[in-house]
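Presented below is the structure to which this report refers.
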Amino acid sequence: MTDRYAVLGHPIGHSKSPLIHSLFAQATAQDMGYTAIETPLDGFADTVTGFRAGGGRGLNVSLPFKLQAFEIATHPSERARLAGAANCLKFEGERILADNFDGVGLVNDLQRNLGCLLKDKRVLLLGAGGATRGALLPIASEQPALLAVANRTADKAHALGRDFAAHAMLQTSGYAELAGHAFDVVINATSTGLTHEPLPLPAGLFAPGALAYDMVYGKGLTAFLQQAQAAGVTRVADGVGMLVEQAAEAFLWWRGVRPDTRPVVDRLTVPLV
Ligand code: NAP
């Protein structure tokens, strides 16, 4: 029987996950189906229960349900626990396993696809929401020279610093305190990629040869990437590779097979112009 998987979100019509997983399944000859399920805002748990009852094997979870996905799990991974959020569930008998692959997807994209090794680099994350939470542990485990988080609401960045204190030494601040500091990798994990609002970035933020990375995807040159280019940065990327790499981690977790991500990244890439 064909194994069933799906992505839950609200809204979910825009999701690339069904295409990505069907391309992975074709390439690895896996007998599986994958659909997008529009999930009512007050109906996450019921939708999960119904999907499991119908024989579903696993789910990806998109906004705004990543916190609830963590809470519904009986066996969350350590990184899901630290992020307080999960983007992937696997059903094994009575057990609901949860993991969070956003951060490892980001690190794999940076290191494998973009050739940007994080070890000994000065890395800055802009934003202190769920995407940053998920990224911190995977980035920290690559041993950057410095890992900093700056957020509009500085207190949220400081709270992250406390939450992760046992795992990573974070430099946390608002934007103004970034003045005088330069970074090799600057990652926009705010939602301004969707709204085209510029960030208050001080001059000199990008070290020579820096990479500017916006987690949003399919939006072309975002305001942040334009700001980076105006500051002289020539290496810019969006989050399409992160999306595909987190999907590959989920696929491996569910199916035990690692798909080749390159053709899928190429297929989904929107030129940065
Ligand atoms: P979130 O939890 O809602 O966090 C939003 C963050 O953006 C907060 O830190 C917020 O700051 C900041 N922000 C919003 N508007 C701002 C503005 N005008 N100026 C400065 N900061 C602003 O969102 P998220 O889940 O972390 O997602 C962040 C981004 O990552 C989204 O664009 C999402 O699409 C992307 N993402 C991509 C992937 C992928 O696979 N490529 C995966 C996950 C997420 P305050 O705390 O001050 O409000």
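Both ligands and their constituent atoms are indexed starting at 1 by order of listing.
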What are the polar N/O contacts of ligand 1 with the protein below 3.5 Å, with distances?
| from | atom 1 | to | atom 2 | distance (Å) |
| --- | --- | --- | --- | --- |
| ligand 1 | 2 (O) | Gly130 | N | 3.0 |
| ligand 1 | 7 (O) | Ser191 | N | 3.2 |
| ligand 1 | 9 (O) | Ala128 | N | 2.9 |
| ligand 1 | 9 (O) | Asn151 | OD1 | 2.7 |
| ligand 1 | 11 (O) | Asn151 | OD1 | 3.2 |
| ligand 1 | 18 (N) | Arg152 | NH1 | 3.4 |
| ligand 1 | 18 (N) | Glu197 | OE1 | 3.4 |
| ligand 1 | 18 (N) | Glu197 | OE2 | 3.1 |
| ligand 1 | 26 (O) | Gly130 | N | 3.1 |
| ligand 1 | 26 (O) | Ala131 | N | 2.7 |
| ligand 1 | 41 (N) | Met215 | O | 2.9 |
| ligand 1 | 41 (N) | Gly239 | O | 3.1 |
| ligand 1 | 46 (O) | Asn151 | ND2 | 2.9 |
| ligand 1 | 46 (O) | Lys156 | NZ | 2.7 |
| ligand 1 | 47 (O) | Arg152 | NE | 3.1 |
| ligand 1 | 47 (O) | Thr153 | N | 3.1 |
| ligand 1 | 47 (O) | Thr153 | OG1 | 2.5 |
| ligand 1 | 48 (O) | Arg152 | NH2 | 2.9 |

- prompt: So, for Pro11 and Glu38, which heavy atoms are closest and what is the spacing to 0.1 Å?
  reply: CA-OE2, 3.3 Å
- prompt: Can you tell which of His158, Arg162, Glu177 makes a side chain to side chain donor-acceptor pair (under 3.5 Å) with Thr172?
  reply: His158
- prompt: Between His181 and Phe183, how do the two ring planes meet: parallel, tilted or perpendicular, split at 30° and 60°?
  reply: tilted
query: Taking atom CZ of Arg262 as the centre, does the number of heavy atoms from other residues, nucleotides or ligands within less than 6.0 Å exceed 12?
result: yes
task: Taking the six-membered ring for Trp and the full ring for Phe, Tyr or His, determine whether the centres of Phe44 and Phe65 are under 6.0 Å apart.
output: yes
- prompt: Would Lys90 count as a cation-pi partner of Trp254, with NZ or CZ less than 6.0 Å from the six-membered ring centre and within 45° of the ring normal?
  reply: no
